[in-house]
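Start at 1 and go down the list; that is how both ligands and their atoms are numbered. FYI, side chains are in, hydrogens and waters are out, and symmetry mates aren't considered; it's all heavy atoms of this structure.
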Amino acid sequence: MERIYVLDTTLRDGEQIPGAKLTGAEKLEIARQLAVLGVDVIEAGFPASSPGDFEAVRAIAREVRDTGVTALARAMPSDIDAVWEAIREAESPQIHIVLGVSDIHLHGKFQRSREDILAMGVEAVRYAKKYTSSIEYSTEDAGRADLEYLKKTVTAVIEAGATVVNIPDTTGYCDPEEFGRIIRSMKNEIPNIDRVILSVHCHNDLGMATANTLSAIKNGARRIEVTINGLGERAGNTALEEVVMALKVKPEFYGAATHIRTEEIARTSRLVSSLTGIWVQPNKAIVGSNAFAHSSGIHQDGVLKNRQTYEIIDPRTVGIAQSRIILTARSGRHAVSARLRDLGREMDDTRLEQFHRQFLELADRKKEVYDEDLLALLAEQERTPEDRGYELLGVQVSLGTNRTPHAVVTLRFPDRREAAAEATGSGPVDAAYSAIDQLVGKKPRLLEFSLQSVTEGIDAQARVSVRMEIDNEIFIGRGTDSDVVLSGIKAYLDAWNRAMLRQNPTLAPA
Ligand code: KIV
Ligand code: ZN
């Protein structure tokens, strides 16, 4: 079996999604789980982009062990200095330099000639070598580049000292055959290619990122750049879970394997989803909630007779238990802690004791407690007095035929003040949102409102996700409740709190 090395870039490319900004503590929590998952390298961020990201990368490099840590730099000394300063304490640090290689990038972004850009790349690698011999060089937009120039660039940066050469399909333009051909010609036609690890980084604009990555492996790539849940710019990056499981399901076909602990996949996916606020679509391969659900009668019958009739993966291989315990007021600490562990959250006995008391209060009010409820409770418990945001104290809505929907909302402000406002709107949610805008003193642009039912029956949990633009930045908020209006309000306040607490403390009312 050929060993395939896995670089996870959830914390860099994945975090570039508008609204998915993570705090330093959240990035660290995900990095710890990525190490448990067994990734070979964590791309922890882009240190030159902000002091907050610099600190987050440094915290990860200091703490996380048993995995390499890299961070991104443009081909300029100040970026490279920032990366090195942030990662130098890692067990195995690597500097990642990126520079465009397609004519579109050269002319559009840099207005420089091919020769100039090649020299700039070589210079950057030489500069980085003063810090470490472990250097990745990414030829941005290689998927649309002139092949001869790409090969010339790769040859030169290897000569300059790069140890990993990454071929990104930055715009998700290639198809598997085309991308495979590019990788094969790197492998066969670049004389010094055996001195480096050949890596690939695919985007999913045409839905082919996983296929392109697998085709690259077939054609000689030995490192893959991926993200959890396929997060990433635009349509996202190659999903780690998809490539890893394809290699595992078809060992004879690919003849290659990673060292990923696949039983940690579901837990990692849930952790990333809950901290970024970006849900996984139900039919997403491997980690979607329907990935192992069988609904048609014919399928259920087949699976009951023999799971393999309609299942190519045993769900336990990716950490999904076949029978799920339903949490109720009779569930003890052990059951709650096991479920939390499945959600990627561990806690010590003292915290668990306290958490279990809150859980019982909630379970008394509801028949069954769902994952969303646990995560909401957890978020509440983890909130410190400094990062307490707006809290919903009460809401009353009135509506009916021939009546304009009307809402009165009472909030507790971060400074513990309480105030109420009323408004009318096109519906109860709209009225409540207008009342909240009055209290907060700003009107965001609501870009998206989506409502989903997460459980079944009349008391189903409604899950709302909103995307809104506040001061030119996009924030995602989520809320779950058996009442659709309340879940909408919770989502709205969640987005406000993310905006206020994580990005821009000046939004906090005086
Ligand atoms: O998509 C891309 O080209 C990148 C590089 C930094 C590898 O994200
Ligand atoms: Zn990318």
Check each N or O atom of ligand 1 against all protein N or O atoms and list the pairs under 3.5 Å, with atom names and distances to 0.1 Å, one per line.
unit_1: ligand 1; atom_1: 1 (O); unit_2: H201; atom_2: NE2; d: 3.1
unit_1: ligand 1; atom_1: 1 (O); unit_2: H203; atom_2: NE2; d: 3.0
unit_1: ligand 1; atom_1: 3 (O); unit_2: T170; atom_2: OG1; d: 2.6
unit_1: ligand 1; atom_1: 8 (O); unit_2: R12; atom_2: NH1; d: 3.3
unit_1: ligand 1; atom_1: 8 (O); unit_2: R12; atom_2: NH2; d: 3.0
unit_1: ligand 1; atom_1: 8 (O); unit_2: D13; atom_2: OD2; d: 3.0
unit_1: ligand 1; atom_1: 8 (O); unit_2: H201; atom_2: NE2; d: 3.1

Intermediate values then yes/no, salt bridge (charged side-chain N to carboxylate O under 4.0 Å, His left out), E148 and R114 = CA-CA 11 Å; E148 288 314 308; R114 286 183 176 181; over 6 Å; no
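- When T170, D13, D169, T139 are each tested for a side-chain hydrogen bond (donor to acceptor under 3.5 Å, both in side chains) with H201, only one passes: D13.
- Of the possible donor and acceptor atoms, one in the side chain of T67 sits under 3.5 Å from a partner among the backbone N and O of D40.
- In this structure, the side chain to side chain contact (heavy atoms under 4.5 Å, CB included) partners of K284, at least two apart in sequence or on a different chain, are A239, E241, E242, V280, Q281, V287.
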request  = For side-chain contact (heavy atoms from CB on, under 4.5 Å), just list the numbers for T9 and R12, CA-CA rounded to whole Å, side-chain angles, deciding distance to a tenth of an Å, and then say yes or no.
outcome  = CA-CA 5 Å; T9 181; R12 200 274 301 165; 3.5 Å; yes
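- The pair R261-E264 does not meet the salt-bridge criterion, since no charged nitrogen lies less than 4.0 angstrom from a carboxylate oxygen.
- With a 6.0 Å cutoff to the six-membered ring centre and a 45° limit on the axis angle, K443 does not count as a cation-pi contact of Y433.
- The closest side-chain heavy-atom distance from K152 to T155 is not below 4.5 Å.
- Of all protein atoms, those of element N, O or S that lie under 2.8 Å from the Zn ion (ligand 2) number 3.
- Every salt bridge (Lys or Arg N to Asp or Glu O under 4.0 Å) that K109 has, sequence neighbours left out, goes to E140.
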